[in-house]
Amino acid sequence: MNLLMCLFCLLLDLTSIHSRMLMQSRIIGGHAAAPNSIKYMVSLQSTSSQHFCGGSLVHRYWVLTAAHCNIGEDQMMIVAGDYKVNIFEGTEQYAKPHRLVTHPLYNSSTNNADIMLIKLRAPMVLNKFVSLAPLPRQGTGVVEGHLCQVSGWGHNSVGGGQVPIELRTVTVPIVSAARCNSSDSFNGNITTNMICAGYQSGGKDACKGDSGGPLVCRGRVYGMVSWGNGCGDAKFPGVYTAVSRFRRWIDQTIYGPHLRCFGYR
């Protein structure tokens with residue numbers, strides 16, 4: 001009988017540890033965003049309705065996200081106007097991808113150029129729950145210490161399914177490339193196509209499941225959640241794709257060489 005009780009207690013402890021690990025894979029040190037306050041935020045979901053990445057609606061037909069979120073267009077659904085990712089709230093819009101466009105310089109080993117555009121089969125309808133994300137101009141930057149906001153749903157699949165997960169957000173300061181690339185941190189692995197953000201004390205960060213989500217500075221999406229070393233680690237800030245490095249590519253991909261021939265606005 002005592003052996004059975006011990007086994008039962010061990011199982012409870014393991015379940016508790018597993019739950020804590022899963023909870024850590026969401027936005028770290030943040031808070032719930034106001035419902036439908038980040039209207040350009042979209043959820044990338046599998047065909048079984050499991051959220052796996054975030055993204056930003058940059059055109060009625062196009063979503064901006066991370067290249068490493070590419071699981072194949074047949075396996076993906078884009079959801080706009082969402083707040084709790086696994087609860088139907090009546091504000092959602094759904095669209096299947098028509099085409100996935102990964103940046104030609106994307107390197108899955110170095111995470112360089114971790115950026116992808118998704119063209120939708122049908123346009124999203126812009127309304128009080130869904131809007132377009134403002135983007136920075138080509139080559140513009142954000143100074144060290146500037147506070148930016150990163151948002152995401154992250155993952156939580158305790159018991160084999162998702163509990164209601166509302167969109168969460170956290171504010172983090174920009175970290176200089178020099179500090180982020182130092183021998184105490186990423187030791188030269190940060191390219192010019194990346195931005196770092198996080199506190200020297202750690203504790204606030206994006207994490208697994210937040211990939212592709214927006215880092216918003218001065219009201220524009222300057223970064224996308226890309227990679228890191230752990231989550232909220234004081235030595236390792238979060239690493240984001242520098243969107244302003246790719247603004248020209250984004251425009252060329254969406255509008256092509258014959259901008260005026262397109263009916264999209």
Side-chain angles (χ1 to χ4, degrees), residues 21-30 41-44 51-56 63-72 76 100-118 136 141-142 144 148-156 168-200 202-217 221-246 249-250:
M21 289 173 65
L22 287 167
M23 288 302 292
Q24 287 171 355
S25 65
R26 298 166 63 186
I27 286 283
I28 305 298
M41 183 92 192
V42 302
S43 169
L44 275 57
H51 169 88
F52 65 90
C53 273
S56 300
V63 165
L64 183 68
T65 188
H68 76 263
C69 292
N70 187 350
I71 63 170
M76 194 183 296
L100 307 181
V101 186
T102 301
H103 195 278
L105 295 180
Y106 171 57
N107 186 319
S108 59
S109 298
T110 64
N111 300 301
N112 188 48
D114 185 13
I115 188 169
M116 176 173 68
L117 281 163
I118 302 173
V142 187
E144 181 178 19
C148 304
Q149 181 185 50
V150 59
S151 306
W153 282 281
H155 283 258
N156 187 356
R168 297 184 68 80
T169 187
V170 67
T171 300
V172 286
I174 295 295
V175 174
S176 70
R179 185 157 71 86
C180 205
N181 249 337
S182 70
S183 57
D184 290 332
S185 191
F186 288 104
N187 197 28
N189 290 314
I190 304 302
T191 72
T192 55
N193 293 321
M194 301 174 188
I195 299 173
C196 294
Y199 287 93
Q200 286 188 313
K204 294 187 177 185
D205 200 1
C207 203
K208 183 180 178 182
D210 295 318
S211 292
L215 177 74
V216 176
C217 315
V221 178
Y222 271 87
M224 289 186 310
V225 180
S226 180
W227 65 286
N229 187 348
C231 302
D233 191 306
K235 285 188 175 181
F236 299 99
V239 185
Y240 301 81
T241 303
V243 173
S244 73
R245 299 278 298 180
F246 301 97
W249 173 79
I250 292 169

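Atom set for the values below is all heavy atoms of this structure, side chains included, hydrogens, waters and symmetry mates excluded.
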If you take all heavy atoms of [X] and [Y], which pair is closest and at what distance?
X: Cys196; Y: Val239; result: SG-CG2, 4.3 Å
X: Tyr106; Y: Ala113; result: CB-O, 3.4 Å
X: Val63; Y: Gly55; result: CG1-CA, 4.3 Å
X: Ser185; Y: Pro237; result: OG-CD, 3.7 Å
X: Gly212; Y: Thr65; result: CA-OG1, 3.5 Å
X: Ala234; Y: Gln200; result: CB-O, 3.3 Å

For a quick check under 3.5 Å, do [X] and [Y] share a side-chain donor-acceptor pair by atom type?
X: Ser226; Y: Asn111; answer: no
X: Asn112; Y: Asn107; answer: no
X: Thr192; Y: Arg245; answer: yes

Which value, rounded to the nearest 0.5 Å, describes the distance between [X] atom [atom1] and [Y] atom [atom2]?
X: Asn189; Y: Met194; atom1: CG; atom2: CE; result: 8.0 Å
X: Tyr240; Y: Ser211; atom1: OH; atom2: OG; result: 10.5 Å
X: Gln149; Y: Thr171; atom1: CD; atom2: OG1; result: 5.5 Å
X: Leu105; Y: Trp249; atom1: CG; atom2: CH2; result: 10.0 Å
X: Ile195; Y: Leu215; atom1: CD1; atom2: CG; result: 6.5 Å
X: Leu100; Y: Met76; atom1: CG; atom2: CE; result: 5.0 Å

Can any side-chain N or O of [X] pair as donor or acceptor with the backbone N or O of [Y] at less than 3.5 Å?
X: Thr241; Y: Gly223; answer: no
X: Asn181; Y: Ile190; answer: yes
X: Ser43; Y: Gly54; answer: no
X: Asp114; Y: His68; answer: yes

Leu64 vs Val243, side-chain contact (heavy atoms from CB on, under 4.5 Å): CA-CA, chis, key distance, verdict: CA-CA 10 Å; Leu64 183 68; Val243 173; 4.2 Å; yes
For residues [X] and [Y], determine if any side-chain heavy atom of one lies less than 4.5 Å from a side-chain heavy atom of the other.
X: Ile118; Y: Leu44; answer: yes
X: Asp184; Y: Lys235; answer: no
X: Val150; Y: Asp210; answer: no

